[in-house]
Enquirer: 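Questions regarding the structure given below will be posed in turn.
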Amino acid sequence: MIPKIGLSEDSIEKIIKLLSVVLSDEMTLYVKTRKSHWNVAGQSFMELHKLFEVQYSELEVIIDNVAERIGKLGGKTIGTMNEFSALSRIMEHPNKYPVQNTMLTELLNDHKTIIYELRKDIDTCTNDCHDAGTADLLTGILQQHETIAWVLRRYLS
Ligand SMILES: [Fe+2]
């Protein structure tokens with residue numbers, strides 16, 4: 001059922017599609033951060049093992065908030081790996097196990113990709129759909145990615 005919350009049906013449909021893509025990005029980056037947690041090796045093993053755990057835990061909360069926002073807008077929330085893979089704007093690299101610095105650089109680039117995409121998504125929510133609620137949710141998420149990107153950049157500098 002489409003909720004009556006001052007948004008047009010067209011806007012709601014557009015936002016649900018947009019949020020499904022954001023959810024897919026976050027799920028993909030969550031899995032990639034888990035993979036890094038599992039496979040990191042080298043002198044900073046425990047430091048990075050723990051850092052990645054903090055980061056995927058943060059992504060887990062983001063994922064739940066985005067998924068439930070879709071529900072609040074009356075949509076069905078996708079929940080299969082096939083759908084996430086089809087929609088995600090984040091690339092995966094099967095069978096690759098990079099060394100520490102490459103691992104950090106790849107994760108940093110993924111967070112940067114999400115930051116760039118979220119800026120566009122926030123503009124769409126605000127200007128095209130007049131959905132302040134979703135724009136605000138995505139703005140908070142954008143700030144979380146900016147913080148994670150800053151932390152990753154510090155390890156690389
Ligand atoms: Fe673990």
Side-chain angles (χ1 to χ4, degrees), residues 14-126 131-157:
K14 198 168 184 177
I15 297 287
I16 288 170
K17 279 189 186 153
L18 180 154
L19 286 173
S20 299
V21 175
V22 173
L23 180 62
S24 302
D25 292 344
E26 299 290 353
M27 281 296 296
T28 308
L29 188 47
Y30 170 79
V31 171
K32 288 182 84 167
T33 308
R34 275 267 184 186
K35 183 181 173 186
S36 300
H37 168 77
W38 292 326
N39 289 291
V40 68
Q43 282 198 329
S44 311
F45 161 71
M46 190 48 76
E47 164 85 17
L48 291 176
H49 182 67
K50 285 180 182 167
L51 175 75
F52 295 143
E53 184 170 351
V54 168
Q55 293 181 347
Y56 74 63
S57 300
E58 200 173 334
L59 294 174
E60 221 171 81
V61 177
I62 290 174
I63 286 163
D64 210 44
N65 287 336
V66 173
E68 288 171 7
R69 178 82 194 158
I70 294 172
K72 285 176 199 173
L73 294 173
K76 288 263 188 285
T77 306
I78 55 167
T80 65
M81 301 311 289
N82 279 346
E83 287 162 301
F84 295 138
S85 298
L87 292 178
S88 178
R89 296 170 288 198
I90 301 296
M91 295 290 292
E92 289 190 294
H93 306 287
N95 299 314
K96 297 271 191 286
Y97 299 93
V99 294
Q100 268 182 22
N101 270 19
T102 312
M103 193 179 265
L104 287 162
T105 304
E106 283 180 9
L107 288 173
L108 172 60
N109 287 337
D110 289 337
H111 284 279
K112 278 163 62 180
T113 300
I114 290 188
I115 288 166
Y116 272 88
E117 296 297 341
L118 281 176
R119 287 191 200 289
K120 290 186 249 167
D121 293 338
I122 292 163
D123 280 348
T124 303
C125 291
T126 306
D131 181 357
T134 301
D136 184 60
L137 172 70
L138 296 183
T139 301
I141 293 170
L142 169 74
Q143 288 168 339
Q144 285 179 276
H145 283 287
E146 285 175 337
T147 302
I148 294 176
W150 165 67
V151 171
L152 293 172
R153 215 176 284 117
R154 281 296 170 105
Y155 279 96
L156 292 162
S157 60

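Read the numbers this way: they start at 1 and go in the same order the structure lists the ligands and their atoms.
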Enquirer: List for me each residue that meets side-chain hydrogen bond (donor to acceptor under 3.5 Å, both in side chains) alongside Ser24, sequence neighbours excluded, and say none if there are none.
Expert: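 Residues passing side-chain hydrogen bond (donor to acceptor under 3.5 Å, both in side chains) with Ser24: none at all.
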Enquirer: Quick one, Ile62 with Leu59, criterion side-chain contact (heavy atoms from CB on, under 4.5 Å). Give me CA distance, side-chain angles, the key distance, then yes/no.
Expert: CA-CA 5 Å; Ile62 290 174; Leu59 294 174; 4.2 Å; yes
Enquirer: Tell me which pairs pass side-chain hydrogen bond (donor to acceptor under 3.5 Å, both in side chains) where either residue lies in residues 36-45, with sequence neighbours left out.
Expert: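 Qualifying pairs, neighbours excluded: His37-His49.
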Enquirer: By residue and atom, what protein N/O/S atoms are less than 2.8 Å from the Fe ion (ligand 1)?
Expert: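 Under 2.8 Å from the Fe ion (ligand 1) - ignoring waters, which are not counted - the protein N, O or S atoms are His37 NE2.
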Enquirer: Please tabulate, one pair per line, all N/O donor-acceptor pairs under 3.5 Å involving side-chain atoms of residues 65-77, not counting sequence neighbours.
Expert:
unit_1	atom_1	unit_2	atom_2	d
Asn65	ND2	Val61	O	3.4
Arg69	NE	Thr134	OG1	2.8
Arg69	NH2	Asp131	OD1	3.1
Arg69	NH2	Thr134	OG1	3.2
Thr77	OG1	Ala67	O	3.1

Enquirer: Pick from Ile148, Ile114, Ile63, Thr113: which one makes a side chain to side chain contact (heavy atoms under 4.5 Å, CB included) with Leu29?
Expert: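 Result: among Ile148, Ile114, Ile63, Thr113, Ile114 is the only option passing the side chain to side chain contact (heavy atoms under 4.5 Å, CB included) with Leu29.
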Enquirer: Salt bridge check, Glu53 against Lys50: does any charged N sit closer than 4.0 Å to a carboxylate O?
Expert: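 Between Glu53 and Lys50 there is no salt bridge, as every charged N stays at least 4.0 Å from the carboxylate O atoms.
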